[in-house]
Amino acid sequence: MSAVKVLSIIGMVFFPLCLLLIGGFAESDTEAAAGWGLFATLYGIGYSITTFVKVKNVPE
């Protein structure tokens, strides 16, 4: 499997999980909610960089 496909499958599980945890912690523990938002953001940045590199290497 290509790296983009694997990261997409992981992202389909990880992002909704982060969203649920952010919503659950939003009122009781704002630092935990911010932490899960940071995890999602860091994963998104890594995913976008990987996708950019893969697409740049595809011949036109």
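- Contact detail for P16 and G11: the closest heavy-atom pair is CD-O, 3.7 Å.
- L38 forms part of a hydrophobic cluster together with L42, judged by ILVMFWY side-chain heavy-atom separations under 4.5 Å.
- When every heavy atom of F25 is checked against every heavy atom of A33, the shortest pair comes out as CB-N, 3.8 Å.
- Applying the side chain to side chain contact (heavy atoms under 4.5 Å, CB included) criterion to S8, with sequence neighbours excluded, gives V4, Y47.
- Note on residues 24-37: no pairs pass side-chain hydrogen bond (donor to acceptor under 3.5 Å, both in side chains), not counting sequence neighbours.
- Under the 4.5 Å side-chain contact rule for hydrophobic residues, I22 and L17 share a cluster.
- Between T50 and A3, the closest heavy-atom pair is CG2-CB, 4.2 Å.
- Under the ring pair (Phe, Tyr, Trp, His ring centres under 6.0 Å) criterion, F14 pairs with Y43, sequence neighbours left out.
- The side chain to side chain contact (heavy atoms under 4.5 Å, CB included) check on S48 picks up nothing, with sequence neighbours excluded.
- Note on L19: it does not cluster hydrophobically with I9, by side-chain heavy-atom contacts below 4.5 Å among ILVMFWY residues.
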